[in-house]
Amino acid sequence: MSLTLVSHHLCPYVQRVAIALAEKAVPFEHVYVDLADKPAWFLALSPLGKTPVLRVDDRAIFESAVILEYLEETGPHPLHPADPLRRAEHRAWIEFGSAVLNDIAGLYSAKDQAAFAAKAEALAAKFARLESHLGPGPWFDGDFSLVDAVFGPVFRYFDVFDRIGEFGILTGKPKVAAWRKALAARPSISQAVGSDYESRLGRFLAARHSHLSTLMN
């Protein structure tokens with residue numbers, strides 16, 4: 001079976017899949033597409049025109065949550081808990097991670113200071129929920145799981161945000177800070193992006209014509 005991960009350099013949903021594949025030690029090939037100029041072959045694979053897409057031999061799976069579940073069903077080294085209730089809880093927190101990513105997109109796209117502040121407040125509230133839920137660590141809930149794979153790319157944004165300014169989103173959340181540090185040191189997470197990721201993200205943010213981009217100038 002040949003696996004090809006159709007990717008975009010900045011897509012956090014691609015990173016989820018790359019992390020899961022690395023944790024499972026499943027070999028795969030990366031193919032990158034330009035989402036601003038989508039090739040016809042990519043649109044034929046991805047009905048929604050989004051990354052990631054996982055090609056399995058001559059068939060394609062789209063949507064990261066579906067791909068992660070497929071890898072759980074077919075690959076070694078499970079990243080979901082065995083207990084059905086805990087597994088359902090983890091799936092719910094994965095959806096929470098997607099909501100965090102939506103707020104991050106709203107933050108870097110906000111056109112004025114008021115909209116930016118509202119998104120920063122919403123993100124701070126979500127991370128406060130995480131702070132109250134996290135245990136002793138280092139991972140989300142016992143062993144490294146798909147929830148950890150989802151939040152590794154989330155915190156990667158803050159590595160760039162922190163160099164732009166102090167927005168108070170993660171302030172006063174020691175468990176979140178420890179989790180962020182542990183995730184950053186995990187090889188599957190650190191190697192899920194190219195060495196030029198931060199410079200690419202910086203250029204992307206600067207080109208948004210948003211409140212955040214004005215802070216970068």
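Here, residue 1 is the first one in the sequence, and each next residue gets the next number.
- Panel note: side chain Asp148, backbone Ser145; a donor-acceptor pair is recorded below 3.5 Å.
- Following chains of ILVMFWY side-chain contacts shorter than 4.5 Å, one cannot reach Phe42 starting from Val56, and the two form parts of different hydrophobic clusters.
- Here the side chains of Ile67 and Tyr13 are not in contact, with every heavy-atom distance at 4.5 Å or above.
- Pairing each heavy atom of Leu134 with each of Phe140, the nearest pair is CD2-CD1, 3.8 Å.
- With Asp196 contributing its side chain and Ser199 its backbone, the two residues share no donor-acceptor pair below 3.5 Å.
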Practice task
Would you sort out whether Lys24 and Glu72 count as a salt bridge (charged side-chain N to carboxylate O under 4.0 Å, His left out), showing the intermediate values?
Solution key: CA-CA 9 Å; Lys24 293 174 177 296; Glu72 281 296 288; 2.7 Å; yes
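- For the pair Arg186 and Phe144, the distance from NZ or CZ to the six-membered ring centre is under 6.0 Å and the angle to the ring normal is within 45 degrees.
- Residue Arg156 holds its CZ atom at 7.5 Å from OG of Ser190, rounded to the nearest 0.5 Å.
- For Thr74 (side chain) and Tyr70 (main-chain N/O), a donor-acceptor pair under 3.5 Å exists by modelled atom type.
- Other residues, nucleotides and ligands place more than 12 heavy atoms under 6.0 Å from the CZ atom of Arg163.
- Under a hydrophobic clustering in which Ile, Leu, Val, Met, Phe, Trp and Tyr are joined whenever their side-chain heavy atoms come within less than 4.5 Å, directly or via other members, Phe28 and Phe62 fall into different clusters.
- At most 12 heavy atoms of other shown residues, nucleotides or ligands fall within 6.0 angstrom of atom NZ in Lys181.
- Within the 4.5 Å cutoff, side-chain heavy atoms of Arg86 are placed close to those of Glu89.
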Practice task
Please test Asp57 against Met1 for side-chain contact (heavy atoms from CB on, under 4.5 Å), starting from the C-alpha separation and ending with a verdict.
Solution key: CA-CA 6 Å; Asp57 293 331; Met1 186 172 63; 4.0 Å; yes
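- Aromatic ring centres of Tyr108 and Phe204 lie closer together than 6.0 Å.
- To the nearest 0.5 angstrom, Asp162 atom CG is 7.0 Å from Leu170 atom CG.
- Side-chain contact between Thr214 and Phe116: absent, with no pair of heavy atoms (C-beta onward) separated by less than 4.5 Å.
- Expressed to the nearest 0.5 Å, how far NE2 of His211 lies from OG of Ser109 amounts to 13.0 Å.
- Counting non-hydrogen atoms of neighbouring residues, nucleotides and ligands closer than 6.0 angstrom, the CG atom of Asp143 reaches no more than 12 such neighbours.
- The two atoms that bring His30 and Ser7 nearest to each other are ND1-OG, 2.8 Å, heavy atoms only.
- By the 4.5 Å heavy-atom criterion applied to side chains, Phe96 and Leu130 are counted as neighbours.
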Practice task
With side-chain contact (heavy atoms from CB on, under 4.5 Å) as the test, would you mind laying out the steps for Glu29 and Arg55 before giving the verdict?
Solution key: CA-CA 10 Å; Glu29 180 185 0; Arg55 292 183 60 176; over 6 Å; no
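- For Glu198, the CD atom sits in a packed shell: over 12 heavy atoms of surrounding residues, nucleotides or ligands are nearer than 6.0 Å.
- Nearest heavy-atom pair across Val154 and Gly97 is CG2-O, 4.3 Å.
- Separation of atoms NZ (Lys50) and CD (Glu63) is listed at 4.0 Å; rounding is to 0.5 Å.
- We find the CG-CG distance between Leu205 and Leu215 to be 11.0 Å, quoted to the nearest 0.5 Å.
- Val53 and Leu3 fall into different hydrophobic clusters, where Ile, Leu, Val, Met, Phe, Trp and Tyr residues are linked whenever their side-chain heavy atoms come under 4.5 Å apart, directly or through other members.
- The hydrophobic clustering, which links ILVMFWY residues whose side-chain heavy atoms are closer than 4.5 Å, places Leu35 and Val6 together.
- Under a hydrophobic clustering in which Ile, Leu, Val, Met, Phe, Trp and Tyr are joined whenever their side-chain heavy atoms come within less than 4.5 Å, directly or via other members, Val66 and Val147 fall into the same cluster.
- Ring to ring, Phe127 and Phe155 are close: their centroids are under 6.0 angstrom apart.
- What you find for Ile189 and Ile19 is that their closest heavy atoms are CG1-CD1, 3.7 Å.
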Practice task
Could you please spell out the steps behind the side-chain contact (heavy atoms from CB on, under 4.5 Å) verdict for Leu71 and Val26?
Solution key: CA-CA 9 Å; Leu71 294 175; Val26 174; 5.6 Å; no
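- When all heavy atoms are compared, the tightest approach of Ala124 to Gly168 is CB-O, 4.4 Å.
- Taking the side chain as every heavy atom from C-beta outward, Leu212 and Phe161 approach each other to under 4.5 Å.
- Nearest heavy-atom pair across Leu43 and Gly49 is CD2-CA, 4.0 Å.
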Practice task
In sequence, state the C-alpha distance, the side-chain angles, and the governing distance for Leu107 and Tyr157, and then conclude on side-chain contact (heavy atoms from CB on, under 4.5 Å).
Solution key: CA-CA 11 Å; Leu107 183 81; Tyr157 282 99; over 6 Å; no
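- Residues His80 and His90 are in side-chain contact: their nearest non-hydrogen atoms beyond the backbone lie under 4.5 Å apart.
- Judged by distance alone, with hydrogens and angles left aside, the side-chain atoms of Arg87 form a donor-acceptor pair with the main-chain N or O of Ala82 at under 3.5 Å.
- Expressed to the nearest 0.5 Å, how far OG of Ser46 lies from CH2 of Trp41 amounts to 10.0 Å.
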